[in-house]
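It should be emphasised that the depicted structure is a prediction, and the values quoted were computed from it without experimental measurement. Residue numbers begin at 1 in each chain, while the letters A, B, ... track the order of the sequences.
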2 protein chains.
Amino acid sequence: MNESQAIPAFSALAQETRLQIIRFLVRSGPNGSPAGKVGEEVGASSSRLSFHLNVLEQAGLVTATRVSRTIIYRADLQRLGALVGFLLEDCCSGHPTVRKCCEMPPSKG
Amino acid sequence: MNESQAIPAFSALAQETRLQIIRFLVRSGPNGSPAGKVGEEVGASSSRLSFHLNVLEQAGLVTATRVSRTIIYRADLQRLGALVGFLLEDCCSGHPTVRKCCEMPPSKG
DNA sequence: TCAATACCTCAAGAGTTATTGAAATATGAA
DNA sequence: TTCATATTTCAATAACTCTTGAGGTATTGA
């Protein structure tokens, strides 16, 4: 991931509705979720939802696939991982203090 | 880190000049750097620099300390780490695919 | 073909962000 | 006090973001 990919990604995540969408799509797993269901989940009107899904898609954080009348959205976990990597390596020079946050939480081994 | 801290932090990082500032301040280490030197480094006029440093400070990603005539800025590594943690845990539910990016790079391991 | 469903696009308006240049504030030294 | 240095604040402006509501497109089934 380079800066010109990271900037739209950070920008996409800097918004409450889009954060809700990402959370929901990550939890929806590899099957993803149709736009309508995402809209119900986050409580957004169709045009508002479409606007935010488009921002996320342009940022590369979600993918869209048409299946008949519905459009299935999925979180792009590789991209999200690459963004974490950008934050750790590019922004923070791999600094150990920043890296500590990535260790597994104690109760989850 | 919660959502209302993460949103301004993502927003702060979604800008080229501020990304340059963060990189430089992380590399400057615990002594930080005076505003003027940051401005030289990133090629920003004083008012423009001040604007961006303020955004970063409000977002909690840098701290400012006055020392005589100069103001020393430092990257807040704890906050940056907490933001990585938010991205991994809150946004991505600690998903292993996303986590893989946090492993030490092979040549540095 | 017509109607229904699922979703997107468009235009308008309010609010926010980034840049510029001028002016203000704070500190230190002559 | 006067001057220089370091930095912030202010006002104007252009560009961008988000929301709303109306209308459009794609697909399916009767």
Side-chain angles (χ1 to χ4, degrees), chain A residues 3-25 28 31-75 91, chain B residues 3-25 28 31-76:
Chain A
E3 185 174 296
S4 59
Q5 296 172 306
I7 286 175
F10 284 134
S11 183
L13 294 177
Q15 213 277 346
E16 189 178 340
T17 303
R18 291 195 296 260
L19 232 29
Q20 288 179 256
I21 294 173
I22 282 288
R23 278 188 201 104
F24 177 63
L25 289 179
S28 297
N31 290 338
S33 175
K37 207 176 164 194
V38 177
E40 278 172 38
E41 189 71 21
V42 308
S45 69
S46 66
S47 71
R48 191 167 148 240
L49 178 75
S50 195
F51 170 78
H52 288 302
L53 283 171
N54 189 52
V55 172
L56 288 166
E57 193 187 0
Q58 292 305 307
L61 298 179
V62 309
T63 61
T65 316
R66 170 149 238 148
V67 176
S68 162
R69 262 182 302 204
T70 74
I71 298 184
I72 303 296
Y73 284 89
R74 292 178 179 85
C91 301
Chain B
E3 185 173 297
S4 59
Q5 296 173 304
I7 286 176
F10 284 134
S11 182
L13 293 178
Q15 212 277 347
E16 189 178 340
T17 303
R18 292 195 294 260
L19 231 31
Q20 289 178 256
I21 294 173
I22 282 288
R23 278 189 201 104
F24 177 63
L25 289 179
S28 298
N31 289 337
S33 174
K37 206 176 162 193
V38 177
E40 279 172 38
E41 190 71 21
V42 307
S45 69
S46 65
S47 71
R48 190 166 148 241
L49 178 75
S50 195
F51 170 78
H52 289 302
L53 283 171
N54 188 53
V55 172
L56 288 166
E57 193 187 0
Q58 293 305 308
L61 298 179
V62 309
T63 60
T65 316
R66 170 148 240 148
V67 176
S68 164
R69 263 182 301 202
T70 75
I71 299 183
I72 303 296
Y73 283 89
R74 292 178 180 84
D76 187 331

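Shown here for B/S33 and B/S28, the closest heavy-atom pair between the two residues is CB-OG, 3.9 Å. Of all non-hydrogen atoms in A/Y73 and A/V62, the two that sit nearest each other are CD2-CG2, 4.0 Å.
Remark: side-chain polar atoms of A/S11 are not paired, donor with acceptor, to backbone N or O of A/I7 under 3.5 angstrom. Proximity of a side-chain donor or acceptor of A/R48 to a complementary backbone N or O of A/G39 within less than 3.5 Å is not detected.
Residue whose closest nucleotide on DNA chain D sits further toward the 5' end, between B/Y73 and A/H52: B/Y73.
As rounded to whole Å, 7 Å separates atom C1' of C/dC8 from atom CD1 of A/I71. When rounded to the nearest whole Å, the span between CD of A/E40 and C1' of C/dT5 equals 14 Å. Rounded to an integer number of Å, the gap from CD1 of A/I7 to C1' of C/dA18 is 13 Å. One interatomic measurement links the two molecules: CD1 of A/I72 to P of C/dC7, which rounds to 8 Å at whole-angstrom precision. One can place CZ of B/F51 at 12 Å from P of C/dT20, the figure rounded to the nearest angstrom.
Bounding nucleotides for the chain A contact on DNA chain D, 5' to 3', at a heavy-atom distance below 4.0 Å, are D/dC18 to D/dT28.
Looking at A/T70, its side chain has no donor and acceptor atom pair within 3.5 Å of the base of C/dC7.
For the side-chain contact (heavy atoms from CB on, under 4.5 Å) with B/F51, the lone residue among B/L53, B/V55, B/N54 that qualifies is B/V55.
Distance check: A/S50 OG to A/I71 CD1 gives 8.0 Å after rounding to the nearest 0.5 Å. The line from CD of B/Q15 to CD of A/E3 is 9.0 Å long, rounded to the nearest 0.5 Å.
The shortest distance between side-chain heavy atoms of B/L49 and B/I21 falls below 4.5 Å. You'll find the side chain of A/R74 reaches within 4.5 Å of the side chain of A/T65, heavy atoms only. With a 4.5 Å cut-off on side-chain heavy atoms, A/H52 and A/Q20 do not count as touching. Looking at A/L61 and A/L13, their side chains come closer than 4.5 Å, going by heavy atoms from C-beta outward.
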Between protein and nucleotides 27-30 of chain C, what N or O pairs are separated by less than 3.5 Å?
{"from": "C/dG28", "atom 1": "OP1", "to": "B/S68", "atom 2": "OG", "distance (Å)": "3.1"}

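Listed in residue order, the members of residues 13-22 of chain B having a heavy atom less than 4.0 Å from DNA chain D come to none.
Across all strands shown, B/S47 has heavy atoms under 4.0 Å from base atoms, whether or not it also approaches the sugar-phosphate.
Of the candidates C/dA22, C/dC7, C/dC8, the closest approach to any side-chain atom of A/P34 belongs to C/dC7.
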